[in-house]
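Below: one structure, written as structure tokens.
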Amino acid sequence: MTEQTTLEAFREKFRVDDLLVYANAHWSWSVRPAQPTLAAGVISLNRYALTLGEVTPEEMQALPDVVSRLEATVRGHFDHRIMNYLALMMVDHHVHWHVIPRYDSPRTFAGREWVDSGWPRFPAIADSQHGDDAVLHEIRRALRGD
């Protein structure tokens with residue numbers, strides 16, 4: 001599989017363009033299609049890179065822009081307690097982080113209750129709550145301020 005094919009497959013699997021919240025020249029923040037907790041997201045490099053060591057200094061300098069915007073936005077809307085960043089890349093071989101907001105009590109959004117079933121331990125990353133398209137787009141709209 002070529003680098004371009006790998007990047008395209010990644011962006012398609014995680015619906016980066018469809019669920020995009022924010023992007024700068026180097027990074028994209030999108031709603032994660034599977035929601036282990038409310039407002040779970042993915043931060044991904046906009047070009048293909050297999051390892052973190054391949055990320056350029058310029059790209060690394062642009063990362064805090066996305067992270068600080070993500071943290072402030074999720075806190076403002078859903079009042080998370082802490083944010084977990086998981087860079088496992090065992091299945092999807094492209095530089096990205098699964099961003100899991102952590103909650104010490106249930107939240108209500110889109111008329112549904114959201115529970116962090118892993119709190120206060122490791123996030124239950126395989127959980128997927130309320131992941132239908134309408135809810136995912138409602139999360140995206142809330143985070144974008146649409």
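All residue numbers refer to positions in the sequence shown, counting from 1. These numbers were taken from a predicted model, which means no experiment stands behind them.
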| query | Does the side chain to side chain contact (heavy atoms under 4.5 Å, CB included) test come out yes or no for Val99 and Glu71, once each step is laid out? | reply | CA-CA 10 Å; Val99 183; Glu71 289 179 355; over 6 Å; no
| Test log, rule side chain to side chain contact (heavy atoms under 4.5 Å, CB included), inputs Arg32 and Ile125 | CA-CA 11 Å; Arg32 191 175 185 271; Ile125 190 98; 3.5 Å; yes
| Hey, quick one: are Leu52 and Leu88 part of the same hydrophobic cluster, counting side-chain heavy atoms closer than 4.5 Å, chains of contacts allowed? | no
| message | If you compare all heavy atoms of Pro101 against all heavy atoms of His80, which two are closest, and at what distance to 0.1 Å? | response | CB-CB, 3.9 Å
| task | Give, for atom CZ of Arg15 and atom CG of Asp133, the distance between the pair rounded to the nearest 0.5 Å. | result | 4.0 Å
| request: Taking the side chain as every heavy atom from C-beta outward, state whether Ile100 and Arg102 have any pair of such atoms under 4.5 Å apart. | output: yes
| message | Please report the interatomic distance CD1(Ile82) to CZ(Arg75), rounded to the nearest 0.5 Å. | response | 9.0 Å
| Hydrophobic cluster identity match, Met89 and Val42, side-chain contacts under 4.5 Å | no
| task | Can you measure from CZ (Phe109) to CD1 (Ile139) and round to the nearest 0.5 angstrom? | result | 6.0 Å
| With a 4.5 Å limit on heavy-atom distance, are the side chains of Arg11 and Asn46 in contact? | yes
| Would Thr6 and Leu50 satisfy side chain to side chain contact (heavy atoms under 4.5 Å, CB included), going step by step from the backbone distance to the final call? | CA-CA 10 Å; Thr6 301; Leu50 177 61; over 6 Å; no
| query | Under 4.5 Å between any side-chain heavy atoms of Val95 and Glu54, yes or no? | reply | no
| field | Residue from Asp65, Val66, Val67 passing side chain to side chain contact (heavy atoms under 4.5 Å, CB included) with Trp27 | value | Val66
| message | Taking the side chain as everything from C-beta on, heavy atoms only, tell me whether Phe10 gets closer than 4.5 Å to Leu45. | response | no
| message | Does either side chain, that of His130 or that of Gln35, offer a donor lying less than 3.5 Å from an acceptor on the other one? | response | no
| field | Cation-pi, Phe78 ring and Arg107 (6.0 angstrom, 45 degrees) | value | no
| Any side-chain heavy-atom pair from Thr37 and Pro123 closer than 4.5 angstrom? | no
| said: Is there a path of hydrophobic side-chain contacts, each under 4.5 Å between heavy atoms, that joins Leu86 and Trp119? | reply: no
| Do the side chains of Asp104 and Asp116 get nearer than 4.5 Å, heavy atoms only? | no
| Side-chain donor or acceptor of Gln129 paired with backbone N/O of Pro36 under 3.5 Å | yes
| Is the closest side-chain heavy-atom distance between Tyr85 and Leu70 below 4.5 Å? | yes
| CG-CG distance between Leu38 and Asp79, expressed to the nearest 0.5 angstrom | 11.0 Å
| query | Will you find, in the side chains of His98 and Asn84, an N or O donor that is under 3.5 Å from an N or O acceptor? | reply | no
| request: With the side chain counted from C-beta on, respond yes when Glu59 and Arg47 share a heavy-atom pair under 4.5 Å apart, and no when they do not. | output: yes
| query | Shortest non-hydrogen contact from Arg141 to Ala134? | reply | NH2-O, 4.3 Å
| field | Rounded distance [0.5 Å steps], CZ in Phe14 versus CG in Asp92 | value | 4.0 Å
| field | Common cluster, Trp114/Met83, ILVMFWY with side-chain heavy-atom separation under 4.5 Å | value | yes
| query | To the nearest 0.5 Å, what is the distance between OG (Ser28) and CG (Leu19)? | reply | 12.0 Å
| remark: Scanning both residues in full, the closest heavy-atom pair of Ser117 with Arg121 reads O-NH2, 4.3 Å
| Got a sec: does the CD of Glu12 have more than 12 other heavy atoms crowding it under 6.0 Å? | no
| said: For residues Leu7 and Ile43: do they belong to one hydrophobic cluster (side chain heavy atoms under 4.5 Å, members Ile, Leu, Val, Met, Phe, Trp, Tyr)? | reply: no
| field | Test side chain to side chain contact (heavy atoms under 4.5 Å, CB included) applied to His96 and Val16, step by step | value | CA-CA 11 Å; His96 69 285; Val16 173; over 6 Å; no
